[in-house]
Colleague: 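Below is a structure I'd like to ask you about.
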There are 2 protein chains.
Amino acid sequence: MAGVRAQQKEKTRRALIHAALNQLCPESSFSSLSLREVAREAGIAPTSFYRHFQNMDELGLTLVDEGGLALRQLLRQSRQRIADGGSIIEISVHTFMDYVTNNKNIFRLMLQEQAGTTKEFRLAIAREIDHFKKELTDYLRTERQTEDKLARIQSDAIVRVVFSAGADILDMNAQERAQLTEQTIQQVRMIARGAANLQETSATNP
Amino acid sequence: MAGVRAQQKEKTRRALIHAALNQLCPESSFSSLSLREVAREAGIAPTSFYRHFQNMDELGLTLVDEGGLALRQLLRQSRQRIADGGSIIEISVHTFMDYVTNNKNIFRLMLQEQAGTTKEFRLAIAREIDHFKKELTDYLRTERQTEDKLARIQSDAIVRVVFSAGADILDMNAQERAQLTEQTIQQVRMIARGAANLQETSATNP
DNA sequence: ATTTTAAGCTAACAAGTGTACGCTGAATTT
DNA sequence: AAATTCAGCGTACACTTGTTAGCTTAAAAT
């Protein structure tokens, strides 16, 4: 059973996703996309859209999920490369910035809908960011022997700084990008240093 | 010359601003507001809108400017209250969070349009954030004798963390808000500590 | 007292939107 | 071979949108 039918369906589903992604330029946000235009670019009739998604939001959530998953996989990969030496901070930040650079539209979508109008979107994106925070917290606790609460506060701060810098990177050229990436690495180190310092202090003053 | 006419014009101008602000709930972003609805709520005909603003974007930019100005004034005020004792970090973060809590709609607008679709918006908001960063940098340099470049990096990190936390506060109740505010204060202290530590280290290793 | 100004109005237009309905035809199942 | 499923289509409807053109009317300027 080749599933000629299911195959074709998947194909136009991808076409819809691709069309939506393609229309997400700096000049038009996801929430301003119209079902009709997306359908037009995917080469189907507007009404056929409903054979694949219940509405545009469902399509958007798919984009967020796929994008978040890809980013997490990249970061997990890059963390494994740490064994070969190299700073985890440096590699992770670079990986993140590269992802943003290569997937501007998806990242912009996440930024926009993070403060956006649909609760389901906001939750989906909060979930993605939480995934991050959690993985980072675990790393800090096990690999860096950071005390639990401190690890959570620290990783929260790091994630905030990195995501925020990622947002700024969207409009930058390669040179500015490299510069901001360097600065972000320094800031993450700053946070790590401050956290370590706090831990020492509280250890001697219990 | 009382200026009965100018007075009335200002009044409906405020009505338009108020109407727009009022329609900025979590369920509808600024870019999804329609000129007609805003005009309707302000009690004028759609076409009369143009007597006050060239288009909706101009209205939005007005909101951003007013909101940013108010926030900066608050922070400047609160910084002067430092003389009476109390941590500048604590007071500033509290002031910021209170502002966000009391002006959710404006702050949400800023968040949305920061990654939004109109370049002019993005620039306006970047400008507001830069104002902040600059005032903080100056403070760090003069009051805390922080080295110039370090002061810039540090204040950049602080502003990122605080703004990001401000975004999260929008959907929270009073208790969660207090908790996140405390955490943010700790994170700012963490950054300050890390920066001081870095400065010491580089002073002894020139 | 007369003229000018301009805030606000009504009417109208062209364009775009989401979605309900029912049909077709090929892939699949029976 | 016959029956069923279902991705995709065309038509149609009821709205909403931004914006133009020209009128009214009271305030301001002359």
Side-chain angles (χ1 to χ4, degrees), chain A residues 1-20 22-25 27-63 109 112-113 116-121, chain B residues 1-20 22-25 27-63 109 112-113 116-121:
Chain A
M1 56 159 146
V4 181
R5 207 170 193 166
Q7 213 169 322
Q8 173 57 29
K9 180 167 185 179
E10 183 59 19
K11 206 167 155 189
T12 79
R13 192 187 133 101
R14 298 312 305 180
L16 283 170
I17 289 178
H18 185 268
N22 190 44
Q23 290 182 18
L24 277 182
C25 54
E27 287 77 30
S28 67
S29 67
F30 178 81
S31 54
S32 77
L33 293 193
S34 90
L35 182 153
R36 289 177 102 105
E37 276 199 42
V38 170
R40 191 177 310 141
E41 179 162 336
I44 64 172
T47 51
S48 303
F49 179 94
Y50 297 103
R51 303 289 186 198
H52 302 270
F53 302 97
Q54 208 160 16
N55 47 46
M56 282 293 288
D57 280 0
E58 204 178 292
L59 203 181
L61 287 171
T62 303
L63 293 182
L109 163 60
Q112 286 165 350
E113 299 304 321
T117 193
T118 316
K119 190 159 196 174
E120 216 170 335
F121 263 111
Chain B
M1 51 158 151
V4 182
R5 206 169 192 167
Q7 213 169 321
Q8 174 56 29
K9 179 167 184 180
E10 182 60 18
K11 206 167 154 189
T12 79
R13 192 188 132 99
R14 297 311 307 181
L16 283 169
I17 288 178
H18 185 267
N22 190 44
Q23 292 184 16
L24 276 183
C25 54
E27 287 78 30
S28 67
S29 68
F30 177 81
S31 55
S32 79
L33 292 192
S34 90
L35 182 152
R36 289 177 102 107
E37 276 199 42
V38 170
R40 191 178 311 143
E41 179 162 336
I44 63 173
T47 51
S48 304
F49 179 94
Y50 296 103
R51 303 288 185 200
H52 302 270
F53 302 97
Q54 209 159 17
N55 47 47
M56 282 293 288
D57 279 0
E58 203 177 294
L59 202 181
L61 288 171
T62 303
L63 293 181
L109 162 61
Q112 286 165 351
E113 299 305 320
T117 192
T118 317
K119 190 159 195 171
E120 217 170 335
F121 263 111

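Reminder, nothing fancy here: chain letters follow the sequence lines and each chain counts from 1.
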Colleague: Below 3.5 Å, does any donor atom in the side chain of A:Arg36 face an acceptor in the base of C:dG18, or the other way round?
Modeller: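 Present.
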
Colleague: Counting side-chain heavy atoms from CB outward, which of D:dT17, D:dA7, C:dA7 is closest to B:Lys9?
Modeller: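 Looking only at side-chain atoms, B:Lys9 lies closest to C:dA7.
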
Colleague: If you take any heavy atom closer than 4.0 Å to DNA chain C, which residues from residues 47-60 of chain B end up in contact?
Modeller: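 Heavy-atom contacts with DNA chain C come from B:Thr47, B:Ser48, B:Arg51, B:His52.
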
Colleague: Are there over 12 heavy-atom neighbours, none belonging to B:Glu10, within less than 6.0 Å of that residue's CD?
Modeller: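 Yes, CD of B:Glu10 has more than 12 neighbouring heavy atoms, counting only those of other groups under 6.0 Å.
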
Colleague: To the closest 0.5 Å, what do you measure between CE (A:Met56) and OG (A:Ser31)?
Modeller: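 Between A:Met56 CE and A:Ser31 OG, I get 9.5 Å after rounding to 0.5 Å.
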
Colleague: Measuring from B:Arg13:CZ to B:Leu59:CG, what's the distance to the nearest 0.5 Å?
Modeller: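 The CZ atom of B:Arg13 sits 8.0 Å away from the CG atom of B:Leu59.
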
Colleague: How many whole angstroms separate atom CD of B:Gln8 from atom P of D:dA28?
Modeller: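 My rounded result for the distance is 11 Å.
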
Colleague: Rounded to the Å, how far apart are A:Lys11 NZ and C:dA27 P?
Modeller: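 It is 13 Å, rounded to the nearest whole Å.
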
Colleague: Identify, between A:Leu35 and A:Ala6, the residue whose nearest nucleotide on DNA chain C lies closer to the 5' end.
Modeller: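 So the residue in question is A:Leu35.
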
Colleague: C:dA26 P sits how many Å from A:Gln7 CD, rounded?
Modeller: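 Checked: the CD to P distance equals 18 Å.
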
Colleague: Of the listed nucleotides (C:dT19, D:dA28, D:dG8), which one gets closest to any side-chain atom of A:Thr12?
Modeller: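 The answer is D:dG8.
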
Colleague: Can a donor-acceptor pair be found, under 3.5 Å and without considering hydrogens, that links the side chain of B:Gln23 to the backbone of B:Leu33?
Modeller: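 Such a contact is absent between B:Gln23 side chain and B:Leu33 backbone.
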
Colleague: Quick one: pull up CG in B:Leu109 and CZ in B:Phe121 and give me the separation to the nearest 0.5 Å.
Modeller: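 The CZ atom of B:Phe121 is 6.0 Å from CG of B:Leu109, to the nearest 0.5 Å.
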
Colleague: Looking at the side chain of B:Arg5, which of C:dT17, D:dC9, D:dA27 is the nearest nucleotide?
Modeller: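 It is D:dA27.
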
Colleague: What residue pairs, at least two apart or across chains, pass side-chain hydrogen bond (donor to acceptor under 3.5 Å, both in side chains) with a residue in residues 48-63 of chain A?
Modeller: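 Found A:Thr12-A:His52.
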
Colleague: Can you check side chain to side chain contact (heavy atoms under 4.5 Å, CB included) on A:Gln8 and A:Lys11, steps first, answer last?
Modeller: CA-CA 5 Å; A:Gln8 173 57 29; A:Lys11 206 167 155 189; 4.0 Å; yes

Colleague: By nearest nucleotide on DNA chain D, pick out whichever of A:Ile44 and B:Glu37 is the more 5' one.
Modeller: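 Upstream on the strand: A:Ile44.
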
Colleague: State which of D:dT19, C:dT17, D:dA27 makes the closest approach to the side chain of A:Arg40.
Modeller: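 The closest nucleotide is C:dT17.
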
Colleague: Does the side chain of B:Ser34 get closer than 4.0 angstrom to OP1 or OP2 of D:dT16 through an N or O atom?
Modeller: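 The answer is no; no side-chain N or O of B:Ser34 sits under 4.0 Å from OP1 or OP2.
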
